[in-house]
Enquirer: 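Dumping the structure here so I can ask a few things about it.
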2 protein chains.
Amino acid sequence: MPQFARLTALPSPVRSPSDSPWPLASTVSDRARGPLPHGSPGEVLLRAQQVLGEARVPATGVGESAALDLIAGLLAESGIDLSHPHAAAHLQPPVLQVAVDADALASASNASMDTYDSGPATLAIEQWVVKALAGLGGFGPEADGVLTPGGSISNLLAVLIARDSAAAAAGVDVRRNGLQGLDQPVVFCSELAHFSVQRACAALGLGEQAAITIASDEDFRMRTDVLEDELAKPGRTPVAVVATAGTTDYGSIDPIAEIAALARQYGAWMHVDAAYGFGALFSDQLAPLLAELPHADSVTLDLHKIGWQPAATSVLLVADRNRFASFGRSVDYLNPADDIDSGLDGLLGRSLQTTRRPDAVKVATTLRAYGRAGLGKMLDTCHELAHAAAARVVADSNLELLAPVTLTTVLFRVAGQGLEAAEVDGLQGEVRRRLLTSGRVLIGRTKLPARGGRPAAVALKLTLLNPNATASDIEDLLDQVVATGLDVRAESGEGAA
Amino acid sequence: MPQFARLTALPSPVRSPSDSPWPLASTVSDRARGPLPHGSPGEVLLRAQQVLGEARVPATGVGESAALDLIAGLLAESGIDLSHPHAAAHLQPPVLQVAVDADALASASNASMDTYDSGPATLAIEQWVVKALAGLGGFGPEADGVLTPGGSISNLLAVLIARDSAAAAAGVDVRRNGLQGLDQPVVFCSELAHFSVQRACAALGLGEQAAITIASDEDFRMRTDVLEDELAKPGRTPVAVVATAGTTDYGSIDPIAEIAALARQYGAWMHVDAAYGFGALFSDQLAPLLAELPHADSVTLDLHKIGWQPAATSVLLVADRNRFASFGRSVDYLNPADDIDSGLDGLLGRSLQTTRRPDAVKVATTLRAYGRAGLGKMLDTCHELAHAAAARVVADSNLELLAPVTLTTVLFRVAGQGLEAAEVDGLQGEVRRRLLTSGRVLIGRTKLPARGGRPAAVALKLTLLNPNATASDIEDLLDQVVATGLDVRAESGEGAA
């Protein structure tokens, strides 16, 4: 007689209170605790190490419950609480409870995406998810895609496909023979593109210098006049142009159609890194920002950003399914020809991975549960929060707004009247570290590029992805930023006095 | 007042019956169903597609429960059941319930490994896991490691580190300038090494031809005499030698110390792909097979093979932590210098990923729960099952054993008396496909390399990783293989008559 057990589940993940608009998961049950544990990083990590004890595989076990208690306790005490309304640092959202539940099913199945007989149902689920997302992006039936372990890997796969494609056009078989003979391959992206583009160039053997960064305009979008000049330079093989739809800091969206036209003119692959921005398509209000997406040859999208999925839930979409050929492979123990003839094929040929976790399970479940409308409403809420936060910053003489709101980020700084530029920069870093150490407020920081005579400057950043947070929560958060800024200035004033 | 909810959990993963020795998880509740759904791949996938319906993001949602019901139902009907005792195809084990529970905590936390403020506790947990595993492998305190999304990616990272290191020795800065100037880089591995080595060479811009495959001996181990001859050939830059500890099909373990000595002599990086074999270290009986592991510069190990973890739980160990330098990176929005000075660092510099799922949570929990002794006992049980299966094959005139048991795989074939070699090959493929289509038995296949005049031959394979399976389960399984073999032969005999 089968025994249907729940997850051992003591202690289990915590669900947000029933009066919250959206059911989010967390591992922190103490709602009075802030988004981070209190203490300096050194103190917090030492405490965690002490709980874990000596780093060696124990000779014997303590059993399931004791082990779960220990680890869950550690996550509750020293872990992050992204469901806290004062967690606003990174593109790392709180996650939907239903996605966590579905992800547990994925773990329990231990299905893999490489072959039919490593899990049939999940093959169908991933294909459904990929086609549904391609459709949402405006792509036709010849589009396809693959789930990957993160946006950085999606970008790497895109540049790899572009590299092999550009090399093939130049008569070089990179897959077989390597890069020898490929003349000065280059990849273009805006100066605000994600650093994973440079990382991909290094990993793929092109070198970081192959990534040519293009200046951005006042709206933080790639300057197509500069791109055109760069593309026209002789002696290079233009492998790809990487446009960004939703820069990490500004949410700004490069002029995709214009860039695509230039890319085609010069024979380069057109990739759009929409890791952050793709989710705009869930919202009627914001979807027009992504209207030009179908001009891309490939797209990176991360549903562990706007999408409220546990990481990793990245997708690489490709406008033409045949472009996955770079990854095709026949393996005796996985996909011999006679088995493929019988339909025993899988998705080995979409990826550099062999075993691949069925991350599509949680996506399919979430899309069913909430639909486009539900996810769109979550995004609209976060977008409105960002506008409210920006308005509050503008209204406060102790703060300065540094960029307009596009999606859900707010760039600002603590006012530094009377201080040198370097001191103002130092002030931002110090304010943020104090807030992090207090555990009560988790905000981000970044560096604004130089603009019209103004030098590059350290900025504070809110990345608002918690639809359960309210305008009043964000008021509180900014109050604490202001108060901490005043404290720091007062102390350094005293120190100087 | 916080509300502590269980996972929505209706329907939840299924736990193995309470009279089973080990608590394993599954998504298939019908214990009478076989490891796969009944039907041809085309039929099964069509049924799944029909359940999913049109591939588009629905306009509105159906709610959490209905969505979970649909997807869980699909996994139960059309998914794989690795906890079934007749599931014996791939290095894809059934998973421990406690690991699934812990993995749900990882999902709920949505912590990421890149920075302190993307999740402190999980940084400490990953470091604990990596050091504990390095210690189990026999490495000293200067060793370190990183969790990756799978063995193929671990191998890729290892070859990347080796490539950049060999290039640096030759005065070439690959990371900055690309491969230009690096003379004929080559990577050596046995002909039985995992195909991810070739894939890595292609991805990294070396080309598949850079992977020089070395013949294996009668025991399926790399021939060091051949390796030495190859290493001695002039005009090449030896980047790495990749030894395998636990080949996918045979479980055979290359002579690591001897290979390492040759690698050092020729200035090549010594990587050991112990994706499958590392788990032998949990067992007193089998651990001596891995005694030479500390000769490696780096090691791939997959706890989603021997380790009973949900995928992916791969680890790249590096004997010297400084060798991660290839991945170091300073990013304004993640790890600016003044933050690092304050201890706000993370593990961004260990990986090509940025957001990285805390897969170490389940590992730490499992190691605590079971200890080395528990996992060792599970492995010993599977190892004994493999010996029992091999004995049964030897005793049956309808079957032929093709290789001795090393770890937990059994290579054999249905006897093909009176048939041509190609017909015998075809018979194996047909038998396996019929069993898969019946849904009752899930076994693997592969191709044996040519040996001493005998041509390469298709083999059937059992990969035994279910410690709840009994010798009698494996008897049943083999009975079905034999009966199916006789059916196929009878039919083709009729067809020929």
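Below, read A as the first sequence line, B as the second, and so on, with proteins coming before strands; counting in each chain starts at 1.
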Enquirer: Quick one: which of A:D164, A:V129, A:T248, A:L123 has the most heavy-atom pairs under 4.5 Å with chain B, could you say?
Expert: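 Most heavy-atom pairs under 4.5 Å with chain B: A:T248.
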
Enquirer: Please look at A:P120 and chain B and tell me whether the side chain, the backbone, both or neither of the residue comes under 4.5 angstrom of a heavy atom of that chain.
Expert: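 Both backbone and side chain.
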
Enquirer: Which atoms of A:L367 come close to chain B, meaning under 4.5 Å heavy atom to heavy atom: side chain ones, backbone ones, both, or neither?
Expert: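 Both the backbone and the side chain of A:L367 come within 4.5 Å of chain B.
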
Enquirer: Using a 4.5 Å cut-off on heavy atoms from C-beta on, say whether the side chain of A:D339 contacts that of B:R432.
Expert: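 Yes; the side chains approach each other to less than 4.5 Å.
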
Enquirer: Top residue by heavy-atom pair count (under 4.5 Å) with chain B, among A:L136, A:L160, A:I125, A:V28?
Expert: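 Among the listed options, the one with the most contacts to chain B is A:I125.
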
Enquirer: Counting heavy-atom pairs under 4.5 Å with chain B, which one of A:R176, A:H90, A:R56, A:K131 comes out on top?
Expert: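 Highest number of heavy-atom pairs under 4.5 Å: A:R176.
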
Enquirer: So what's closer than 4.5 Å to chain B heavy atoms on A:L442: side chain, backbone, both or neither?
Expert: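 Looking at A:L442, just its side chain touches chain B.
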
Enquirer: To check you understand the geometry: which heavy-atom pair defines the closest contact between A:S118 and B:I80, and what is its length?
Expert: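 Closest pair (atom of A:S118, atom of B:I80, distance): C-CD1, 3.7 Å.
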
Enquirer: Checking A:A312 against chain B: side chain, backbone, both or neither under 4.5 Å from a heavy atom?
Expert: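 Just its backbone gets close to chain B.
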
Enquirer: Decide, yes or no, whether a salt bridge links B:D117 with A:R445 under the criterion of side-chain N to carboxylate O below 4.0 Å.
Expert: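 Here B:D117 does not pair with A:R445 in a salt bridge, since their nearest N and O are not under 4.0 Å apart.
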
Enquirer: Considering only heavy atoms and a distance below 4.5 Å, find which of A:K447, A:R356, A:R199, A:Q209 pairs most often with chain B.
Expert: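 If we count pairs closer than 4.5 Å to chain B, A:R199 comes out on top.
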
Enquirer: Measuring only between side-chain heavy atoms, which start at C-beta, is B:L75 closer than 4.5 Å to A:T122?
Expert: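 SC-SC contact between B:L75 and A:T122 confirmed.
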
Enquirer: Looking at chain B, which one of A:V51, A:L82, A:I153, A:V174 has the largest number of heavy-atom pairs inside 4.5 Å, strictly under?
Expert: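 Of A:V51, A:L82, A:I153, A:V174, A:L82 has the most heavy-atom pairs under 4.5 Å with chain B.
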
Enquirer: Decide yes or no for A:V98 and A:R368: does some side-chain heavy atom of the first lie under 4.5 Å from some side-chain heavy atom of the second?
Expert: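 Sidechains of A:R368 and A:V98: no contact.
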
Enquirer: Using a cut-off of under 4.5 Å for heavy-atom pairs, which of B:G374, B:G151, B:S342 has the most such pairs with chain A?
Expert: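 Looking at each option in turn, the highest pair count goes to B:S342.
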
Enquirer: Of all heavy-atom pairs between A:G119 and A:A111, which one has the smallest distance, and what is that distance?
Expert: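 Taking A:G119 first and A:A111 second, the nearest heavy atoms are CA-CB, 4.1 Å.
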
Enquirer: For B:V331, is it the side chain, the backbone, both or neither that has a heavy atom under 4.5 Å from a heavy atom of chain A?
Expert: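 Side chain of B:V331 only, per the 4.5 Å heavy-atom cut-off to chain A.
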
Enquirer: Quick one: of B:R372, B:K305, B:R357, who has the most non-hydrogen atom pairs under 4.5 Å with chain A?
Expert: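 Ranked by contacts with chain A, first place is B:R357.
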
Enquirer: Among all residues two or more places apart in sequence or in another chain, which pass the side-chain contact (heavy atoms from CB on, under 4.5 Å) test with A:A48?
Expert: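 In terms of side-chain contact (heavy atoms from CB on, under 4.5 Å), with neighbours along the sequence ignored, A:A48 is linked to A:L74, A:S78, B:A124.
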
Enquirer: Select one option (side chain, backbone, both, neither) describing which atoms of B:L436 are under 4.5 Å from chain A's heavy atoms.
Expert: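 Only the side chain of B:L436 comes within 4.5 Å of chain A.
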
Enquirer: Give me the atom names and distance for the closest heavy-atom approach of A:V361 to A:A102.
Expert: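 Result for this residue pair: CG1-O, 3.5 Å.
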
Enquirer: Any non-hydrogen side-chain atom of B:L45 less than 4.5 Å from a side-chain atom of A:Q127?
Expert: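 B:L45 vs A:Q127: side chains apart.
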
Enquirer: For B:L204, is it the side chain, the backbone, both or neither that has a heavy atom under 4.5 Å from a heavy atom of chain A?
Expert: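 Contact with chain A: backbone and side chain both.
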
Enquirer: Chain A heavy atoms under 4.5 Å from B:P93: which part of the residue, side chain, backbone, both or neither?
Expert: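 Both backbone and side chain of B:P93 come within 4.5 Å of chain A.
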
Enquirer: Identify which part of B:E430 has an atom lying under 4.5 Å from any heavy atom of chain A, answering side chain, backbone, both or neither.
Expert: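 Nothing of B:E430, per the 4.5 Å heavy-atom cut-off to chain A.
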
Enquirer: Against chain B, label A:S109 side chain, backbone, both or neither, depending on which of its atoms sit under 4.5 Å from a heavy atom there.
Expert: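 The answer is both parts of A:S109.
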
Enquirer: So which atom in A:A373 and which in B:T60 form the shortest heavy-atom distance, rounded to 0.1 Å?
Expert: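 Heavy atoms only, the tightest pair is CB-CG2, 4.2 Å.
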
Enquirer: Any side-chain heavy atom of A:D338 within less than 4.5 Å of one from B:R433?
Expert: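 When only atoms from C-beta onward are counted, B:R433 and A:D338 do touch, with a gap below 4.5 Å.
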
Enquirer: Chain A heavy atoms under 4.5 Å from B:S351: which part of the residue, side chain, backbone, both or neither?
Expert: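 Answer is backbone: N, CA, C or O of B:S351 sit under 4.5 Å from chain A.
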
Enquirer: Could you look at B:N177 and say if it's the side chain, the backbone, both or neither that has a heavy atom under 4.5 Å from chain A?
Expert: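 Both backbone and side chain.
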
Enquirer: Specify which of A:L352, A:N110, A:L156, A:T446 makes the most heavy-atom pairs with chain B at under 4.5 Å.
Expert: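 The candidate making the most pairs under 4.5 Å is A:N110.
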
Enquirer: Of the backbone (N, CA, C, O) and the side chain (C-beta and beyond), which part of B:V95 lies under 4.5 Å from a heavy atom of chain A, both, or neither?
Expert: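 Answer is side chain: those atoms of B:V95 sit under 4.5 Å from chain A.
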
Enquirer: With sequence neighbours left out, what residues match A:F282 under ring pair (Phe, Tyr, Trp, His ring centres under 6.0 Å)?
Expert: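 If we apply the ring pair (Phe, Tyr, Trp, His ring centres under 6.0 Å) test to A:F282, skipping adjacent residues, there are no hits.
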
Enquirer: Could you tell me which portion of A:A59 (side chain, backbone, both or neither) has an atom closer than 4.5 angstrom to a non-hydrogen atom of chain B?
Expert: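 When you check distances to chain B, only backbone atoms of A:A59 fall under 4.5 Å.
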
